[in-house]
Each structure stands twice: as C-alpha cells, then as structure tokens.
Amino acid sequence: MITAKEINNFLNEELNINDIEDTSSNGLQIENNGEIKKIGFAVDACLETFQKAVQLGCQMLIVHHGMIWEGLKYIKGDTYRKIKYLIENNLAVYASHLPLDRHEKYGNNAELARILELKTIKPFGYHNNRTIGFMGETETTLTKIKETLEKNNMKTTTLNFGPEQIKKVALVSGGGSKELYQAIAVGADLYITGESLHFTYHTAKENKINVIFGGHYQTEVWGVQALIPLLKEKFNVETEFIDVPVPI
Ligand SMILES: [Zn+2]
C-alpha cells in the first residue's frame, strides 16, 4: 500500500528540497490517511484544482504553488474552506516550489531549455544564494523562438529591444522579472520569464536586450508534468495532469 508519506519521502530526496531556502513550505503540506491510488498534478493549490482532483478520484495532489507560504498564520476565509475541503475529501497536497524550478532534470527551467533545444546549458539566476534558472546557447531568431513558445501554449508578450539573431538565452520561469539584471550581466540576447513588472520595459530598452513574458502559469506547467512518468514508474499509481489555467 502506497501512502502520501512514502511519496513525500521519495520526492523530497529526488528533488533535493532542502538545497534552497524558500518561502514555500516544500514537501507534504496536507496529510491524508489511507492508500494513494491516483495522483493529480497541477500548478496551483486552488479550490478549483482540489474539486477536479476529487472528481477524478485522486487521493493526492502534487503542485508547484502550494498552500503554505511563510507559515500559516490563520485558518479562516478561503484558507479555512480549502483545508476543510481537503480533509473532508481525504486529499493530500505535496508542494515543490523553487526545488522544482531549479531541478536539472524535472525543473520548469530545464524543461523550457529542452523545448528551446538550447546547447551548453548552465545554471543561471541567483535567488537565495542558489540558481533557479538556466541559460544556454542557440543559433536561431527571436521570431522562431516565439513560434516555438506559442506552439507549446506559452504567451509571447515581447520587449524586442535586442538583436533578431539570438545566441544566448537566459530563463527563469514564473515571476522572474527581477532576474532580468542577471540576464543583462551574463550578456544574454534574450531573457524569458513568466510575468512582467513595470520596470522591465525601460531596463530592457536601455540595455538592448529582448525579453519574452511567457505567462506565469504557462511557463510553470512543465515541472509537475515531468514528475508524472517518474511517479508512475516508481509507485505504479494512476496519474493525471489537472489543467486550471490562469489567464493573467
Ligand atoms: Zn511560480
């Protein structure tokens, strides 16, 4: 019989969850009891995801953005309703935030580098004294990269202030606007992240660098999806990706 705790122990080790400080409480955030026969995989620990997971017959959810950040202070309002729903439906929640951004095999950024077929991939983007992204070399154009991202359901809001010919790409999935300065420092022609902050416009313009905002959600579906075959093989459980897109 497979339990949530066994899956937790396996994933914590596989994802090296203690290698980086994080505001997310990574690991098993909400326990349940009994056997895990089916695991749902999703980006966000929101009520809609929980309801879909229960409808699909899951006993456990693995998410990138969990429920507990910087400790849980109050259990009221939407937090109360979510925890009540999880306990009443015996649904466990495991979260892996920065460990799943930075992982060299299963991480969001490793997957983005693979989609873009980058070569000579190196760690990039320091956050809490650890890198969370990757950078790599390519011989392509900004237009072709945008086409590839769009084919993979990502957005392409672009600040095209750099060259059309792209040789060096730096990546930080999700909310990585502040790492733009590091992309400039390493001489990237293109920086790809999920969502934009106001300051990026003039910073990109004055440093002649291209920036693509691929969508926070859309750049972070990859890590949890990469875990599906791993857990299927290890525990012989049913699995399903639960797509609840965030359109902002
Ligand atoms: Zn994120």
Side-chain angles (χ1 to χ4, degrees), residues 11-12 15-30 40-50 53 61-72 78-79 82 93-116 123-135 149 152-157 169-183 191-200 211-228 241-248:
L11 273 182
N12 287 353
L15 298 175
N16 308 312
I17 67 155
N18 296 317
D19 277 7
I20 185 164
E21 268 184 55
D22 200 341
T23 50
S24 163
S25 295
N26 294 314
L28 189 60
Q29 294 192 335
I30 311 278
F41 296 77
V43 177
D44 298 310
C46 58
L47 193 57
E48 190 178 342
T49 304
F50 298 166
L61 252 184
I62 291 174
V63 297
H64 182 51
H65 302 134
M67 289 191 60
I68 304 172
W69 301 82
E70 295 180 285
L72 195 52
D78 65 296
T79 304
K82 276 184 280 203
V93 175
Y94 178 98
S96 181
H97 180 231
L98 296 178
L100 195 56
D101 284 320
R102 69 192 300 267
H103 196 275
E104 61 184 23
K105 189 165 176 199
Y106 305 110
N108 287 313
N109 292 299
E111 287 289 298
L112 290 173
R114 185 187 55 75
I115 288 166
L116 294 172
F124 164 82
Y126 280 91
H127 187 88
N128 295 344
N129 296 320
R130 292 280 186 281
T131 54
I132 53 170
F134 289 100
M135 61 183 175
L149 295 174
N152 286 280
N153 299 320
M154 279 176 270
K155 297 178 182 179
T156 52
T157 303
V169 181
L171 303 164
V172 172
S173 62
S177 276
K178 287 178 184 161
E179 283 75 17
L180 170 60
Y181 292 109
Q182 295 181 53
Y191 178 53
I192 301 175
T193 188
E195 65 181 79
S196 63
L197 286 177
H198 180 83
F199 83 91
T200 54
V211 182
I212 297 177
F213 302 105
H216 193 136
Y217 180 88
Q218 291 81 1
T219 57
E220 296 200 323
V221 294
W222 308 101
V224 286
Q225 288 187 2
L227 295 175
I228 292 176
F241 177 63
I242 301 171
D243 194 20
V244 181
V246 174
I248 53 171

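First listed ligand is number 1; within each ligand, the first listed atom is number 1.
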K.L.:
Would you please indicate if the ring centroids of Phe199 and Tyr181 are separated by under 6.0 Å?
P.N.:
yes

K.L.:
Taking backbone and side chain together, does His216 place any N/O/S atom at a distance below 2.8 Å from the Zn ion (ligand 1)?
P.N.:
yes

K.L.:
Can you tell me if an N/O/S atom from His65 lies under 2.8 Å from the Zn ion (ligand 1)?
P.N.:
yes

K.L.:
Between Trp69 (side chain only) and His65 (backbone N and O only), is there a donor and an acceptor less than 3.5 Å apart?
P.N.:
no

K.L.:
Mind checking whether the Zn ion (ligand 1) has an N, O or S of Glu220 under 2.8 Å?
P.N.:
yes

K.L.:
Decide whether Glu220 and Ser173 meet the rule of one side-chain donor and one side-chain acceptor closer than 3.5 Å.
P.N.:
yes

K.L.:
For residues Val93 and Phe50, report the shortest heavy-atom separation together with the two atoms involved.
P.N.:
CG2-CE2, 4.2 Å

